[in-house]
Amino acid sequence: MSAAVTGPAAPAGDAAAGPSLTPVFVRLKLSLMRNGLRQSGGRTAAFVASLVVVLAIAAFMVLGFLLLRGHQAAGAVAVLTVGVFALGWAVMPLFLPSGDETLDPSRLVMLPLRPQPLVRALLVASLVGIGPLFTLCLAVGAVAAVAHGAAATVFAVLAVPLVLLVCVALSRAIATANVRLLTSRKGRDMALLSGLVIALGIQAVNFGVQALGRAKDLSVLDTVASVVGWLPAASAVAAVRSAADGDLVVAVARLVPSVVALVALLWWWRRSLVRLMVEPDGSTIGAAPDTVKDPGRGRGPVARLLPGGRTGAVMERCFRYVWRDPKTKAAWVTALAVGALVPLFNAFQEAGSVYWACFASGMLGMQMFNQFGQDSSAFWMVAQTIASPADAYAELRDRAYVMIAITVPFTVLVAVATAAVTGGWTQLPEVFGLAFALLGAMLALGVVASVRYPYGIPQDSRRNVAPGQGGMAVAAIFGGMLGGPVLCAPLIALLVWLRVSDHHGLLWLLLPLGVTYGALLLWGALRLMSGRMVRRLPEILAAVGKG
């Protein structure tokens, strides 16, 4: 491969005679997607549901942009929306389920491929998918909101593909440069740092939007848009806006940053591909041999607090995953950071409420989903210990104990801190009741999703879901986000009734009711899925083994 990438250029005749990589990679991606959907009806249903939801959201966004057409805020909204979405393309694909084998350059190291055709083929293959389709709809809607006149239309025709290419190239270049991140020894610390940065960045965007929403006029919105309008890929939309205003010189100048960024990203992507394919992984060079711990030193301090038998073994294994596995650790750190920042930051707002503490239990409860995916191919060892529904019940229950051991004290701390900021000390009993009921609902949904819709987590790449299983992962995540509050609807209705009917003295009953209700939901899910887990063990092994 080294010679293929860095050796002398092939003769022009040979290059012309050779087949083009681009259609091969496009067909490969389509084949992988098709074969992944054929594996089970659940994956097909999850993919179709995800596609329908994304298309519905895209349609509403395009409709919203069209309704903004002619409004004085249309330009600022279009520019800022594209700017925020481009930022999302830069960071989110590293941490959310995405990608497939055609987009993992480490799989192509042994093939005689030259970098320039490879970049072109990967770029075109990257345009096939739900994310690029949504981005295309967003770009079309954004330019439609600001394009007025023939000159603006010409710039709009250039801006739409430019926005799409910049977003995709940005994502792929960053992903390729960090393809070894989560497989290196430094990846653990970087994953933690990245999770915190994303959590803080999301909250910064959230409070920026809230600040803009409280603004009395649109001058602040226009000021921010005038700055973001010089950044790729938002500058392409800003160029259409300037052309519509008749300022063609500024329009051309605003188009330049996106064009330059696209060229620079493609160059960086190509350079990263060459380095990835011809250079060894520096994180493993000169590594000292692993040392074996003295068995006489005994178990760690946390392990000594756990019960004995199977329960203690399962809980210790899960705690080790949280501490040692880079992707599991990154997910937990992000959940902890967001679960604490959202309630506290909202508490500092004028409309802050102690009820925001329920967000912490819901956020951490999401970690129960896809429990077996973190085991990857090692799950076959766990499967050897499951011979009856009782064994499956114990395995699922003990994994839920780990979630409870982390989430309950964390939720209490967040609720107390939020109450200290807002002064809502008297509301803590009902908040705890709702939070624990929500935790029970999320754990119950996580048990069901882990057994019915498992998916693999690749250990040797940046992706968090195996190829062909992205739709299932997205459906499980959104199902949990929507299903948790739905299951807690009886308690929410009781809370509203007690508030409206002025029975404030009975609100404390929500605490025992919430704990009992959450425990019953979890118990019911464990009883329901233990037998099904035994029957579905071969399917679970096949799904998580893809990692």
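FYI, the numbering just counts along the sequence from 1.
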Those residues that, when tested against [X], pass side chain to side chain donor-acceptor pair (under 3.5 Å) (two or more places apart):
| X | answer |
| --- | --- |
| Ser31 | Arg34 |
| Gln427 | none |
| His504 | none |
| Thr44 | none |

Result block: side-chain N/O donor-acceptor pairs under 3.5 angstrom for residues 526-537, not counting sequence neighbours:
from	atom 1	to	atom 2	distance (Å)
Ser530	OG	Leu526	O	3.3
Ser530	OG	Arg527	O	3.3
Arg536	NE	Val451	O	2.9
Arg536	NH1	Glu539	OE1	2.9
Arg536	NH2	Val451	O	3.4
Arg536	NH2	Arg452	O	2.9

Residues two or more places apart in sequence or in another chain: which of them pass ring-ring contact (aromatic ring centres under 6.0 Å, His included) with [X]?
| X | answer |
| --- | --- |
| Trp425 | none |
| Tyr393 | none |
| Phe372 | Phe379 |

With side chains defined as the heavy atoms from C-beta onward, is the minimum distance between [X] and [Y] less than 4.5 Å?
| X | Y | answer |
| --- | --- | --- |
| Met442 | Gln367 | no |
| Asp391 | Thr385 | no |
| Leu306 | Thr311 | no |
| Tyr517 | Leu494 | no |
| Arg317 | Val314 | yes |
| Leu495 | Arg499 | yes |
| Phe319 | Ile406 | yes |

Which pair of non-hydrogen atoms, one from [X] and one from [Y], has the smallest distance, and what is that distance?
| X | Y | result |
| --- | --- | --- |
| Leu491 | Gly433 | CD1-O, 4.3 Å |
| Val322 | Thr328 | CA-CG2, 3.8 Å |
| Pro429 | Leu511 | O-CB, 3.6 Å |

Got a list of side-chain donor-acceptor pairs under 3.5 Å for residues 407-420, not counting sequence neighbours?
from	atom 1	to	atom 2	distance (Å)
Thr407	OG1	Met403	O	2.7
Thr411	OG1	Thr407	O	2.8
Thr418	OG1	Val414	O	2.7

Between CG on residue Asp398 and SG on residue Cys318, distance to nearest 0.5 Å: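 Between atom CG of Asp398 and atom SG of Cys318 there are 8.5 Å.
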Check: Ser450/Arg399 side-chain N/O donor and acceptor closer than 3.5 Å: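 There is no such pair between these side chains.
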Tell me which donor-acceptor pairs under 3.5 Å the side chains of residues 357-365 have, and how far apart each pair is, sequence neighbours excluded?
from	atom 1	to	atom 2	distance (Å)
Ser361	OG	Cys358	O	2.9
Ser361	OG	Ala435	O	3.1

Steps toward side-chain contact (heavy atoms from CB on, under 4.5 Å) verdict (Arg172, Leu123): CA-CA 8 Å; Arg172 299 271 60 87; Leu123 178 62; 5.8 Å; no
Set of side-chain contact (heavy atoms from CB on, under 4.5 Å) partners for Leu164, sequence neighbours left out: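 Expected list: Leu127, Pro132, Thr135, Leu136, Val168.
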For Arg397, salt bridge (charged side-chain N to carboxylate O under 4.0 Å, His left out) partners two or more places apart: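 With sequence neighbours excluded, Arg397 shows a salt bridge (charged side-chain N to carboxylate O under 4.0 Å, His left out) to no residue whatsoever.
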